[in-house]
Undergrad: 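To start, I am sharing the structure in question, which I have written as structure tokens.
Counting starts at 1 for both ligands and their atoms, in listed order. Along the sequence shown, residues are numbered consecutively beginning with 1.
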Amino acid sequence: KEKVEITKEQRALIKAILDAYNRHQIPQDVTKKLLQEQYSAEENFLLLTEVATSQVQVLVEFTKNIPGFLSLDREDQIALLKGSAVEAMFLRSAQVLSKKMPSGHIEVLEERIRKSGMSEEFMTPMFNFYKSIGELHMTQEEQAILTTITILTPDRPYVKSHEAVERLQETMLEVLRKLCVLQHPQEPQYFARLLGRLTELRTLHHYHAEMLTSWKTNDHKFTPLLCEIWDVQ
Ligand SMILES: CC(C)NC(=O)n1c(-c2ccccc2)cc2c1CN(S(=O)(=O)c1cccs1)CC2
């Protein structure tokens, strides 16, 4: 039986990331709006745009607190943010939905999301992903570090210093591996299941790109920040 121990440095890393993750949350009022009275598909779309935009702002702030991120090449920092924004948004959405919410809130949120002009074939994989994340019952640390690993993916488009990013990601992967062994001793495959979710995230990223084109054709407007981070228009 492997004796797993988290080093002092790794504990400091976990603390830094968890603090940043908890400090940079989407403002409650923005997500609360999603729960208010009945909206039309158009209004739901606008609300999601607002929530997604605020999530990107939160993502940028969170990323700046990832140890080592700001020492990366400046252009690589942008490439990593743009490459991971959609996946980080779906991960955060899944975490929002898997949180203990007052009964009925989840259903209302799901209803708002379903009725926002999104194509049906995108709904199924998206809600399957939310469900598969919810079933993992991730701890806060695991959520924060999994988001960090997603951001530090070396093979995003236009990343130049692949090795520098890979080194940072490997450090985070080792921390997550140890956390999984320590926090889920009965599930030896838990770490592998978490990494499997990252693969599922990439397929959602692909669906999302297709969605954007369909929204564009139906003349849906996005905010300048979403257009910038998603390379739209
Ligand atoms: C919490 C934030 C990050 N989640 C969020 O913005 N959601 C949520 C969501 C999930 C669970 C709880 C609350 C909200 C569902 C969807 C989005 C955004 N996208 S989108 O970015 O493609 C978008 C499409 C049109 C305008 S913005 C569409 C799907």
Undergrad: Tell me whether the count of non-hydrogen atoms from other residues, nucleotides or ligands lying under 6.0 Å of CD in Glu228 goes above 12.
TA: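 No, because the 6.0 Å sphere around CD of Glu228 holds 12 heavy atoms or fewer from other groups.
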Undergrad: Counting each atom of ligand 1 from 1 as listed, which ones have a heavy atom of Ile113 under 4.0 Å away?
TA: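 Those qualifying, in numeric order: 9 (C), 10 (C), 11 (C), 15 (C).
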Undergrad: Has Met118 got any heavy atom lying under 4.0 angstrom from an atom of ligand 1?
TA: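 Within the 4.0 Å threshold, so yes.
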Undergrad: Hey, does Met211 sit under 4.0 Å from ligand 1 if you only count heavy atoms?
TA: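 No; Met211 lies far enough from ligand 1 that no heavy-atom distance drops under 4.0 Å.
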Undergrad: Is Trp230 in contact with ligand 1, taking contact as a heavy-atom separation below 4.0 Å?
TA: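 Yes, Trp230 has a heavy atom closer than 4.0 Å to ligand 1.
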Undergrad: Show the atoms of ligand 1 that are less than 4.0 angstrom away from any heavy atom in Met126.
TA: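 With Met126 as reference, the close atoms of ligand 1 come out as 29 (C).
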Undergrad: Answer yes or no: does an N/O atom from His208 fall short of 3.5 Å to an N/O atom of ligand 1?
TA: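 Yes, there is a polar N/O contact under 3.5 Å.
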Undergrad: With atoms numbered from 1 as shown, which atoms in ligand 1 lie under 4.0 angstrom from a non-hydrogen atom of Val96?
TA: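 The atoms of ligand 1 under 4.0 Å from a heavy atom of Val96 are 12 (C).
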Undergrad: Look at the side-chain heavy atoms of Ile, Leu, Val, Met, Phe, Trp and Tyr, link any pair under 4.5 Å apart, and say whether Leu59 and Val96 land in one connected group.
TA: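 Leu59 and Val96: one cluster.
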Undergrad: Just need the protein heavy atom nearest to atom 2 (C) of ligand 1, so name the residue and atom and give the distance.
TA: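 Ranking protein heavy atoms by distance from atom 2 (C) of ligand 1, first comes Val51 CG1, 3.4 Å.
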Undergrad: Any Lys/Arg nitrogen of Glu141 or Lys15 sitting under 4.0 Å from an Asp/Glu carboxylate oxygen of the other?
TA: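 So Glu141 does not pair with Lys15 through a salt bridge.
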Undergrad: Against heavy atoms of Tyr130, which atoms of ligand 1 measure under 4.0 Å?
TA: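 Those atoms are 10 (C), 15 (C).
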Undergrad: Numbering the atoms of ligand 1 from 1, which are under 4.0 Å from a heavy atom of Leu97?
TA: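 In order of number, 11 (C).
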Undergrad: Side chain to side chain contact (heavy atoms under 4.5 Å, CB included) for Gln10 and Thr7? Distances and angles first, verdict last.
TA: CA-CA 5 Å; Gln10 289 172 327; Thr7 65; 3.2 Å; yes
Undergrad: When you measure from atom 24 (C) of ligand 1 to every protein heavy atom, which one gives the shortest distance, and what is it?
TA: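 The closest heavy atom on the protein side is Trp215 CH2, 3.1 Å.
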Undergrad: Taking distance alone, with no angle check, do Ser93 and ligand 1 share an N/O pair under 3.5 Å?
TA: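 Checking ligand 1 against Ser93, an N or O pair does fall under 3.5 Å apart.
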Undergrad: Got a sec: does the CD of Glu75 have more than 12 other heavy atoms crowding it under 6.0 Å?
TA: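 Not more than 12 within 6.0 Å, no.
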Undergrad: Please indicate whether Tyr207 has more than 12 foreign heavy atoms, meaning atoms of other residues, nucleotides or ligands, lying under 6.0 Å from its OH.
TA: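 12 or below, so no.
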Undergrad: List every atom of ligand 1 that sits less than 4.0 Å from any heavy atom of Ala52, numbering the atoms from 1 in the order shown and giving each element.
TA: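 So the atoms of ligand 1 that pass are 6 (O), 21 (O), 27 (S).
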Undergrad: Using a 6.0 Å distance limit plus a 45 degree cone around the ring axis, check whether Arg112 lies over the aromatic ring of Phe45.
TA: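 Checked: cation-pi criterion not met.
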Undergrad: Give me the nearest non-hydrogen protein atom to atom 1 (C) of ligand 1 as residue plus atom name, then the distance to 0.1 Å.
TA: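 Result for atom 1 (C) of ligand 1: Ile26 CD1, 3.5 Å.
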Undergrad: Using a strict cut-off of 4.0 Å, indicate which atoms of ligand 1 neighbour a heavy atom of Gln55.
TA: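 Counting from 1, the qualifying ligand atoms are 3 (C).
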Undergrad: Could you see which bit of Thr49 sits under 4.0 Å from ligand 1, with heavy atoms only: side chain, backbone, both or neither?
TA: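 Both backbone and side chain of Thr49 come within 4.0 Å of ligand 1.
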Undergrad: Please write down residue, atom name and distance for the protein heavy atom closest to atom 19 (N) of ligand 1.
TA: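 Here the nearest protein heavy atom works out to Met89 CE, 3.7 Å.
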Undergrad: Determine, step by step, whether His24 and Phe62 satisfy the ring pair (Phe, Tyr, Trp, His ring centres under 6.0 Å) criterion, reporting the C-alpha distance in whole Å, the side-chain angles of both residues, the deciding distance to 0.1 Å, and the verdict.
TA: CA-CA 6 Å; His24 300 302; Phe62 169 68; 7.3 Å; no
Undergrad: So which of Val165, Leu80, Thr148 actually passes side chain to side chain contact (heavy atoms under 4.5 Å, CB included) with Phe69?
TA: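 The option that passes is Leu80.
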Undergrad: Can we say Arg197 and Glu200 salt-bridge, meaning some charged N sits less than 4.0 Å from an Asp/Glu carboxylate O?
TA: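 Yes, Arg197 and Glu200 are salt-bridged.
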Undergrad: Less than 4.0 Å between a side-chain N and a carboxylate O, is that true for Glu61 and Arg23?
TA: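 Answer for the salt bridge query: no.
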Undergrad: Tell me which part of Leu48 gets within contact of ligand 1: side chain, backbone, both or neither, using heavy atoms under 4.0 Å.
TA: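 Both the backbone and the side chain of Leu48 come within reach of ligand 1.
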Undergrad: Taking heavy atoms and a distance under 4.0 Å, where does His220 meet ligand 1: side chain, backbone, both or neither?
TA: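 It is neither part, as no heavy atom is under 4.0 Å.
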Undergrad: Which residue supplies the protein heavy atom nearest to atom 25 (C) of ligand 1, what is that atom called, and how far is it?
TA: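 Protein heavy atom at minimum distance: Phe45 CE1, 3.3 Å.
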Undergrad: Please indicate whether Lys160 has more than 12 foreign heavy atoms, meaning atoms of other residues, nucleotides or ligands, lying under 6.0 Å from its NZ.
TA: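 It does: Lys160 NZ has more than 12 such atoms within range.
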Undergrad: For atom 14 (C) of ligand 1, what's the nearest protein heavy-atom neighbour? Residue, atom name and distance, please.
TA: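 Looking at atom 14 (C) of ligand 1, the protein heavy atom closest to it is Leu34 CD1, 3.9 Å.
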Undergrad: With salt bridge (charged side-chain N to carboxylate O under 4.0 Å, His left out) as the test, would you mind laying out the steps for Glu163 and Arg167 before giving the verdict?
TA: CA-CA 6 Å; Glu163 303 69 36; Arg167 261 198 304 279; over 6 Å; no
